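In what follows, every heavy atom counts, from backbone to side chain, and hydrogens, waters and symmetry copies are set aside. These figures come from a predicted structure and were not determined experimentally. To find a chain, count down the sequence lines: A is the first, B the second, and so on, and within it residues start at 1.
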There are 2 protein chains.
Amino acid sequence: MTIHEKRLQSRDIQPTAMRMRILLFMAETKSVISLSDLEEKFTHADRTTLYRTLKTFLEHGLVHQINDASGITKYALCSENCTCSYPDDVHVHFYCFSCEQTFCFPHLGIPNYDLPENFTPSNGNFVITGSCPSCSS
Amino acid sequence: MTIHEKRLQSRDIQPTAMRMRILLFMAETKSVISLSDLEEKFTHADRTTLYRTLKTFLEHGLVHQINDASGITKYALCSENCTCSYPDDVHVHFYCFSCEQTFCFPHLGIPNYDLPENFTPSNGNFVITGSCPSCSS
DNA sequence: CTGATCTTTGCAATTGAGTTGCATTACAAA
DNA sequence: TTTGTAATGCAACTCAATTGCAAAGATCAG
Ligand SMILES: [Mn+2]
Ligand SMILES: [Mn+2]
Ligand SMILES: [Zn+2]
Ligand SMILES: [Zn+2]
């Protein structure tokens with residue numbers, strides 16, 4: 001059994017061939033991706049399958065979702081020990097308005113905000129927009 | 001000349017009747033709104049006009065834009081002295097997954113993050129998702 | 001192995017937010 | 001008033017996201 005197969009099973013996701021390939025792709029690119037990115041990579045697979053795979057991964061806490069200024073939903077693999085809990089597992093992301101890439105900054109956590117009375121947090125989305133190294137020169 | 005008329009002119013926005021009405025609505029509701037919210041309020045006006053009004057307001061720094069987990073673009077009036085600069089004028093927002101309302105927390109600023117080399121920030125979008133007071137009971 | 005059952009995948013169609021082109025109207029300067 | 005510019009309205013379009021249903025594949029009891 002491969003490391004990726006174990007990873008899926010540890011999150012109670014049936015390790016189908018399709019899911020294995022998508023997980024492998026996300027693991028080796030190490031970047032934040034969108035559904036369209038998967039479509040470009042897996043031209044043989046159907047858009048719906050890719051969509052539902054991401055949805056399954058999300059629901060089982062294998063990936064986290066990022067809403068950046070592009071309006072397109074992005075996804076990134078969670079770290080091995082991530083439980084997607086707030087605020088500990090929530091971190092900063094960066095969206096480059098020039099190349100439209102999004103980056104994970106897992107080392108940049110978020111403050112434990114003191115919210116107004118009776119606001120109960122469960123998750124967070126923190127995105128800084130600007131210019132990435134490739135586009136800043 | 002009304003206070004709202006002055007406010008538009010101070011941001012170099014021609015104070016048309018439509019814009020005045022929209023600004024007034026946003027000021028008195030004091031909440032974060034979407035294009036659809038404007039459509040519901042101003043049933044006589046055209047969707048495009050409302051859309052372009054928000055766009056104009058945004059471009060002239062009268063409102064700021066919020067990307068929450070709903071995937072729908074939200075807008076909120078800037079404070080009087082806001083220049084929409086990062087990180088000083090960027091603050092936390094709260095999205096209630098239950099009633100799908102979004103709230104401004106202007107008193108909750110964001111840290112001045114130390115980004116990786118050559119990442120140049122220009123703006124930020126910080127949204128905490130959870131349950132609001134009305135939906136927490 | 002066989003048939004029943006559940007899950008996954010593929011295909012087609014739909015929704016809805018966002019956006020654009022162009023004609024018309026309102027406004028403001030000359 | 002005339003003329004130019006800006007704002008508005010109407011219609012159409014783009015595209016990400018989503019859903020229903022059928023086909024294919026996996027799982028399990030007998
Ligand atoms: Mn991340
Ligand atoms: Mn705000
Ligand atoms: Zn870039
Ligand atoms: Zn609520």
Side-chain angles (χ1 to χ4, degrees), chain A residues 1 4-5 8-9 11-25 32-60 62-75 95 97 100-102 125 127, chain B residues 1 4-5 8-9 11-25 32-60 62-75 95 97 100-102 125 127:
Chain A
M1 188 186 293
H4 295 304
E5 202 168 349
L8 287 177
Q9 288 188 333
R11 306 269 181 176
D12 279 309
I13 302 169
Q14 203 73 282
T16 68
M18 193 73 247
R19 290 169 179 168
M20 290 287 288
R21 267 180 266 139
I22 293 173
L23 171 57
L24 185 65
F25 172 67
V32 177
I33 61 148
S34 65
L35 175 56
S36 301
D37 292 329
L38 287 185
E39 279 187 89
E40 279 181 25
K41 174 68 183 177
F42 300 98
T43 49
H44 53 287
D46 187 78
R47 171 183 191 76
T48 313
T49 303
L50 302 171
Y51 167 72
R52 284 197 265 239
T53 300
L54 286 174
K55 204 175 175 188
T56 299
F57 283 6
L58 185 67
E59 284 163 358
H60 288 75
L62 182 65
V63 302
H64 54 276
Q65 185 175 324
I66 303 144
N67 298 110
D68 59 33
S70 72
I72 294 167
T73 309
K74 308 283 177 68
Y75 303 87
Y95 172 68
F97 56 73
E100 296 178 319
Q101 264 195 94
T102 299
N125 183 62
V127 180
Chain B
M1 187 185 296
H4 295 304
E5 201 168 352
L8 287 177
Q9 288 189 332
R11 305 271 182 174
D12 280 309
I13 302 170
Q14 203 75 279
T16 68
M18 193 73 246
R19 289 169 179 170
M20 289 289 287
R21 268 179 265 138
I22 293 173
L23 172 57
L24 186 65
F25 172 68
V32 177
I33 61 150
S34 65
L35 175 56
S36 301
D37 293 329
L38 287 185
E39 278 186 270
E40 279 180 26
K41 174 70 181 176
F42 301 98
T43 49
H44 53 288
D46 187 78
R47 170 185 191 74
T48 313
T49 304
L50 301 172
Y51 166 73
R52 283 196 266 240
T53 300
L54 286 174
K55 204 175 176 187
T56 299
F57 283 7
L58 184 67
E59 284 163 357
H60 288 74
L62 182 64
V63 301
H64 55 278
Q65 186 175 324
I66 303 145
N67 298 110
D68 59 33
S70 72
I72 295 167
T73 308
K74 308 284 178 67
Y75 303 87
Y95 172 69
F97 55 73
E100 297 179 317
Q101 264 194 95
T102 299
N125 182 63
V127 180

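- Residues satisfying the side-chain hydrogen bond (donor to acceptor under 3.5 Å, both in side chains) criterion with R21(A), sequence neighbours excluded, are H44(A).
- Applying the salt bridge (Lys or Arg N to Asp or Glu O under 4.0 Å) test to residues at least two apart or on different chains, the pairs with a partner in residues 39-51 of chain B are E39(B)-R47(B).
- Across the protein-nucleic acid pair, E59(A) atom CD and dT7(C) atom P stand 14 Å apart, rounded to whole Å.
- Between T16(A) and dT8(C) there is no side-chain polar atom (N or O) within less than 4.0 angstrom of OP1 or OP2.
- Remark: C1' of dT8(C) and CZ of F42(A) are 16 Å apart, rounded to the nearest angstrom.
- Distance CG/L35(A) to OG1/T73(A): 9.0 Å, rounded to 0.5 Å.
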Whether each nucleotide of nucleotides 17-25 of chain C has a protein heavy atom under 4.0 Å at its base (B), only at its sugar-phosphate (S) or at neither (-) is summarised, 5' to 3', as BBBBB----
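- For the pair H44(A) NE2 and dT9(C) C1', the interatomic distance rounds to 12 Å; values are reported in whole Å.
- Q9(B) pairs by the side-chain contact (heavy atoms from CB on, under 4.5 Å) definition with M1(B), P15(B), not counting sequence neighbours.
- Evaluation of the ring-ring contact (aromatic ring centres under 6.0 Å, His included) rule for F25(A) yields F42(A) as partners, not counting sequence neighbours.
- Legend: residues meeting side-chain hydrogen bond (donor to acceptor under 3.5 Å, both in side chains) with T16(A), ordered by chain and number and at least two apart, are absent.
- In this structure, CZ of R21(A) is placed 15 Å from P of dT8(C), rounded to the nearest angstrom.
- Applying the side-chain hydrogen bond (donor to acceptor under 3.5 Å, both in side chains) test to S34(B) and every residue at least two apart in sequence or in another chain returns D37(B).
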N/O contacts under 3.5 Å, protein versus nucleotides 4-6 of chain D?
none

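- In this structure, the CD1 atom of I13(A) is 14 Å from the C1' atom of dT8(C), given to the nearest Å.
- The interatomic distance linking D46(A) (CG) with dA17(D) (P) rounds to 15 Å, in whole Å.
- Atom CG in D37(A) sits roughly 15 Å away from atom C1' in dC15(D) (whole-Å rounding).
- When rounded to the nearest whole Å, the span between CE of M20(A) and C1' of dT8(C) equals 16 Å.
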Take N67(B) and V127(A) through the side-chain contact (heavy atoms from CB on, under 4.5 Å) test and state the conclusion after the steps. CA-CA 9 Å; N67(B) 298 110; V127(A) 180; over 6 Å; no
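- Looking at residues two or more places apart in sequence or on another chain, you find a side-chain hydrogen bond (donor to acceptor under 3.5 Å, both in side chains) between S70(A) and D68(A).
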